[in-house]
Amino acid sequence: MNIAETSAEKTAQINEKICLDLVRSRDYDGFVSSLLLPEEARRSSLALRAFNVELAQVKDSVSQKSIGLMRMQFWRTAIEEIYRDDPPNQPVSAELWRAVRKHCLTKRWLLRIITEREKDLDDRAYRNLQELEKYSENTQSSLIYLLLECLGVTNVHADHAASHIGKAQGIVTCLRATPHHSGRRKVYLPMDICMLHGASQEDFIRGSREQNIRDVAYDIASQAHVHLQHARSFSHNVPEAAHLAFLQTVVLEDYLQRVRRADFDIFNPSLKKRNPLLPIQLYLRSWKKSY
């Protein structure tokens, strides 16, 4: 191996570690799920999740929408360059390029995630549950479609299940992040459900634990549960290999059970704690080949 090859290999190892560290620190559940994938898909999964983290943190890390739009444009250009075999000299882009080449990943899903995250820079509450579901489909479900491609799965039933799991994940993420967002005087929960129960944005900003706030949480959590049930209705027709792309259901179930035990009080301190048994539960689910 000559010096250039040695240098390229070293750079690739550094890029891989940067993606791994980014996912471990910002998407721990996704990190553990990725470790349970077969070796040939693991690195690509971490690259996809690192890409997703990069996009997800734009909204929280910029003070002006114009800067956020510039970041999104960087990623849109990066995807175009990746598919021209000329990726930017940036760790996540380099790892993504490797994943795209290895698994022939569909460009449309990557661009759809960027487009939807870009729209989300408007920084407003979802008008209704359907708007939140659409956002979740275009971001979380698109990511799962890409994970299925990494696992070599092409199956319409797996795609249907992925669509519902992605929607459930988007809904749970929105609910789970409410205390964090409320602390920054931001509320993104669907306005139609808040209005139905007479819950104002100020109620959430104050961290209210009144019954009407719990009713909002109940309605939103119930919709996530419905999507999980729909996803499982396809399980008999979903190939075994696809189940590993659906390990996130363990994480979603865990939160929905805990919020139910807290009587849908989303500000309950118990919900801030990470379940220490989650990695074991994820491993067992991967071993059982079920979701």
Side-chain angles (χ1 to χ4, degrees), residues 4-5 7-27 30-31 34 41-124 126 131-132 134-151 159 162-163 166 169-170 173 188 245:
E5 286 174 336
S7 176
E9 180 60 31
K10 196 169 183 181
T11 302
Q13 286 173 359
I14 292 167
N15 290 341
E16 182 182 8
K17 186 175 187 311
I18 286 170
C19 284
L20 187 144
D21 289 343
L22 178 63
V23 178
R24 180 164 48 198
S25 64
R26 299 304 300 262
D27 176 17
F31 168 72
S34 293
R42 194 178 305 145
R43 185 170 173 180
S44 299
S45 168
L46 287 165
L48 285 167
R49 290 191 181 280
F51 164 71
N52 192 49
V53 166
E54 285 276 7
L55 294 175
Q57 62 189 12
V58 168
K59 185 174 176 176
D60 276 350
S61 64
V62 298
S63 54
Q64 293 174 298
K65 185 184 173 183
S66 57
I67 299 170
L69 290 171
M70 285 164 64
R71 295 255 191 103
M72 293 301 181
Q73 187 53 50
F74 165 82
W75 282 109
R76 191 173 274 109
T77 304
I79 296 300
E80 297 297 342
E81 289 172 346
I82 282 167
Y83 279 85
R84 286 200 298 268
D85 257 354
D86 185 23
N89 185 19
Q90 192 265 359
V92 177
S93 298
E95 283 296 287
L96 204 51
W97 170 69
R98 186 189 163 281
V100 165
R101 286 185 72 196
K102 184 170 185 178
H103 306 287
C104 299
L105 299 179
T106 303
K107 181 180 174 184
R108 182 172 80 253
W109 302 134
L110 293 163
L111 290 174
R112 194 162 87 156
I113 296 171
I114 296 170
T115 299
E116 198 63 34
R117 294 280 190 192
E118 188 175 74
K119 286 183 200 167
D120 198 43
L121 292 173
D122 285 335
D123 207 29
R124 57 175 181 79
Y126 299 100
E131 201 170 79
L132 173 54
K134 186 184 176 192
Y135 171 78
S136 306
E137 164 70 33
N138 289 339
T139 54
Q140 304 292 355
S141 301
S142 295
L143 181 64
I144 303 174
Y145 299 147
L146 289 160
L147 291 175
L148 286 171
E149 290 183 345
C150 290
L151 291 163
D159 288 345
S163 174
Q169 181 159 3
T173 301
Y188 300 112

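Because only heavy atoms are used, hydrogens play no part in the values below, and waters and symmetry mates are left out as well, while side chains stay in.
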Before you tell me yes or no, could you show the steps for Gln90 and Val92 under side chain to side chain contact (heavy atoms under 4.5 Å, CB included), namely the whole-Å CA-CA distance, both residues' side-chain angles and the distance that decides it to 0.1 Å? CA-CA 6 Å; Gln90 192 265 359; Val92 177; 3.6 Å; yes

Go through the steps to decide whether Glu116 and Lys119 satisfy the test salt bridge (charged side-chain N to carboxylate O under 4.0 Å, His left out), and finish with yes or no. CA-CA 5 Å; Glu116 198 63 34; Lys119 286 183 200 167; 3.7 Å; yes

Heavy-atom side-chain proximity of Phe74 to Ile114 below 4.5 angstrom: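 They are not in side-chain contact.
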
pair Tyr83-Leu105: side-chain heavy atoms closer than 4.5 Å: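 The answer is yes; the side chains approach within 4.5 Å.
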
Compute whether any side-chain donor of one residue and acceptor of the other, for Glu137 and Ser163, lie under 3.5 angstrom apart.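 Yes, Ser163 and Glu137 have a side-chain donor paired with an acceptor closer than 3.5 Å.
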
Does the side chain of Thr77 come under 3.5 Å of the side chain of Gln73 through a donor N or O and an acceptor N or O?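 Yes - a donor-acceptor pair under 3.5 Å links their side chains.
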
What pair of heavy atoms forms the shortest contact from [X] to [Y], and how long is it?
X      : Y      : answer
Ala94  : Asn15  : CB-ND2, 3.5 Å
Cys150 : Ser44  : SG-CB, 3.7 Å
Ala41  : Leu151 : CB-CD2, 4.0 Å
Tyr145 : Ala162 : CE2-CB, 3.6 Å
Ile18  : Pro91  : CD1-CG, 3.7 Å
Ser45  : Leu147 : OG-CD2, 3.5 Å

Verify side chain to side chain contact (heavy atoms under 4.5 Å, CB included) between Glu9 and Gln13, making sure each step is shown before the conclusion. CA-CA 6 Å; Glu9 180 60 31; Gln13 286 173 359; 3.4 Å; yes

Say whether, by atom type as modelled, one donor and one acceptor occur between the side chain of Ser25 and the main chain of Leu22 under 3.5 angstrom.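 Looks like yes, one N/O pair under 3.5 Å.
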
Glu149 side chain to Thr106 backbone, donor-acceptor under 3.5 Å: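 Yes, Glu149 side chain to Thr106 backbone: donor-acceptor pair under 3.5 Å.
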
Distance in Å, [X] [atom1] paired with [Y] [atom2], rounded so as to fall on 0.5 Å steps:
X      : Y      : atom1 : atom2 : answer
Ile67  : Ser61  : CD1   : OG    : 9.0 Å
Ile113 : Leu48  : CD1   : CG    : 7.5 Å
Ser34  : Asp27  : OG    : CG    : 7.5 Å
Ser141 : Leu146 : OG    : CG    : 11.0 Å
Arg108 : Leu111 : CZ    : CG    : 10.0 Å
Leu110 : Leu143 : CG    : CG    : 9.0 Å

What do the steps show when you test Asp120 against Tyr126 for side chain to side chain contact (heavy atoms under 4.5 Å, CB included), and what is the final call? CA-CA 10 Å; Asp120 198 43; Tyr126 299 100; 3.6 Å; yes

With a 6.0 Å cut-off (strictly less than), is the heavy-atom count around NZ of Lys107, excluding the residue itself, greater than 12?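 Count over threshold, so yes.
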
Around atom CZ of Arg42, are there more than 12 heavy atoms from other residues, nucleotides or ligands closer than 6.0 Å?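 Check passes, neighbour count above 12.
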
Check this for me, if you would: do Arg76 and Glu118 make a salt bridge, where the nitrogen-to-carboxylate-oxygen distance has to be below 4.0 angstrom?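 Counted as a salt bridge, because a side-chain N and a carboxylate O are separated by less than 4.0 Å.
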
For the pair Lys134 and Glu131, find out whether any cationic side-chain nitrogen is under 4.0 Å from an anionic carboxylate oxygen.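 Salt bridge flag = no for Glu131 with Lys134.
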
Ring-plane angle category for Phe51 and Trp75, please: parallel below 30°, perpendicular beyond 60°, tilted otherwise.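 Aromatic pair Phe51/Trp75 classed perpendicular.
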
Worked verdict on Met72 versus Val58 for side chain to side chain contact (heavy atoms under 4.5 Å, CB included): CA-CA 8 Å; Met72 293 301 181; Val58 168; 4.0 Å; yes

Worked check of side chain to side chain donor-acceptor pair (under 3.5 Å) between Asp86 and Trp97: CA-CA 8 Å; Asp86 185 23; Trp97 170 69; over 6 Å; no

Passing option when Asp122 is tested against Lys59, Arg117, Lys65 for salt bridge (Lys or Arg N to Asp or Glu O under 4.0 Å):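 Testing each of Lys59, Arg117, Lys65 against Asp122, the sole residue satisfying salt bridge (Lys or Arg N to Asp or Glu O under 4.0 Å) is Lys65.
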
